[in-house]
Amino acid sequence: MDHKTKIEKYKEMIKLVESFTANGGDKVSVMANVTAVMKMTFPETFFWVGFYVVKDNVLLVGPFQGTPACMMIKYGMGVCGTAWERRETLIVPDVELFDGHIACSSLSRSEIVVPVMLDGEVVAEIDIDSTDVASFDETDRTYLEEVAAMVAPYFGQDS
């Protein structure tokens, strides 16, 4: 049984994410490995983890780990579209109480969405769902915003 604290797990996860973001490469490959690392680090909490990428003024599903996902989300719609509109991380303790929540899976109960910002614009988002209510807190926000910052430079490339 793993007795590491949440912060200890995040610190280990950050080191792994750094290994995939430090050496250049394709943004899709980076997002794919980052989602795998996040899911591997928190398998008991992260039911669904992935990226949505801004393209043609909508969010399109990118690399993810979990059940099938919504393929497109409009600006201002659901948790992801609202985080994009507000340009800030959203922690939703109970998605059933979030007005306009888009239920890609009925198993999702709480969610955190972290914008990936480049030059002041949202270029993608990290979206994580849990099957439990109130799974995410300020610790998640802190470390996932760090992950988003490490991935952001890849969106300045043509890959």
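Basis for what follows: all heavy atoms, side chains included, without hydrogens, waters or symmetry-related copies.
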(message) Starting from Leu90, can I reach Tyr75 by hopping between I/L/V/M/F/W/Y residues whose side chains sit under 4.5 Å apart?
(response) no

With the side chain counted from C-beta on, respond yes when Ile128 and Leu144 share a heavy-atom pair under 4.5 Å apart, and no when they do not.
-> yes

- Query: Do Met77 and Val95 share a hydrophobic cluster, counting only Ile, Leu, Val, Met, Phe, Trp and Tyr and linking them when any side-chain heavy atoms are less than 4.5 Å apart?
  - Reply: no

To the nearest 0.5 Å, atom CG of Asp127 lies from atom OH of Tyr52 at 6.0 Å

Output yes when a side-chain donor or acceptor of Asp140 lies under 3.5 Å from a complementary backbone atom of Tyr143, and no otherwise.
no

ILVMFWY cluster, Val17 and Met40 together (side-chain gap under 4.5 Å): yes

### Query
Are Val49 and Val79 joined in one hydrophobic group, where the rule is that I, L, V, M, F, W and Y side chains link up if heavy atoms are under 4.5 Å apart?
no

Review point. Is any side-chain heavy atom of Met13 less than 4.5 Å from a side-chain heavy atom of Val147?
Key: yes

Just wondering, do Ile14 and Glu146 contact through their side chains at under 4.5 Å, heavy atoms?
yes

Q.
Any side-chain to backbone donor/acceptor pair from Trp48 onto Ala69? Under 3.5 Å, distance only.
A. no

When every non-hydrogen atom of Ser135 is compared with those of Lys6, the smallest separation belongs to O-NZ, 3.8 Å

Here the pair of heavy atoms bringing Leu16 nearest to Val37 is CB-CG1, 3.8 Å

Check: Phe47 main-chain N/O paired with Lys39 side-chain donor or acceptor under 3.5 Å = yes

To the nearest 0.5 Å, atom CD of Glu121 lies from atom CH2 of Trp84 at 10.0 Å

Path from Leu60 to Val30 over hydrophobic side-chain contacts below 4.5 Å
no

Between the CZ atom in Phe64 and the CZ atom in Phe51, the distance rounded to the nearest 0.5 Å is 13.0 Å

If we only count heavy atoms from C-beta on, is the Asp132 to Thr45 side-chain gap below 4.5 Å? no

Item to complete: Verify the distance criterion only: is there a donor paired with an acceptor across the side chains of Asp26 and Tyr154 at less than 3.5 Å?
Response: no

Margin query: If the threshold is 4.0 Å, N to carboxylate O, is there a salt bridge linking Arg109 and Asp129?
Written below: no

Distance col, row Ser110:OG vs Leu97:CG, nearest 0.5 angstrom, shows 11.5 Å

Rounding to 0.5 Å, atoms CE (Met38) and CG (Asn33) come to a distance of 11.0 Å

Practice problem: Could you tell me whether a side-chain N or O of Thr131 sits under 3.5 Å from a main-chain N or O of Ser108, the two making a donor and an acceptor? | Solution: no

Q: With the side chain counted from C-beta on, respond yes when Ile73 and Val58 share a heavy-atom pair under 4.5 Å apart, and no when they do not.
A: no

Can you find a pair of side-chain heavy atoms, one from Val122 and one from Glu85, that are under 4.5 Å apart?
no

Q: Kindly indicate whether the side chain of Leu59, heavy atoms from C-beta on, has any atom under 4.5 Å from the side chain of Val53.
A: no

For this session: Test salt bridge (charged side-chain N to carboxylate O under 4.0 Å, His left out) on Glu44 and Lys9 and set out the steps.
Result: CA-CA 12 Å; Glu44 69 287 348; Lys9 288 181 181 184; 3.1 Å; yes

For Val113 and Pro115, the nearest pair of non-hydrogen atoms, with its separation, is O-CD, 3.8 Å

Rounding to 0.5 Å, atoms CD1 (Ile91) and CD1 (Ile112) come to a distance of 4.5 Å

Are Tyr10 and Phe42 an aromatic pair by the rule of ring centers under 6.0 Å? yes

Hits for side-chain contact (heavy atoms from CB on, under 4.5 Å) against Glu145, two or more places apart or cross-chain, chain-then-number order -> Thr89, Val114, Arg141

Exercise for review: For the pair Glu111 and Cys80, evaluate side chain to side chain contact (heavy atoms under 4.5 Å, CB included) and give the outcome as yes or no after the intermediate values.
Suggested key: CA-CA 10 Å; Glu111 185 170 4; Cys80 289; 4.1 Å; yes

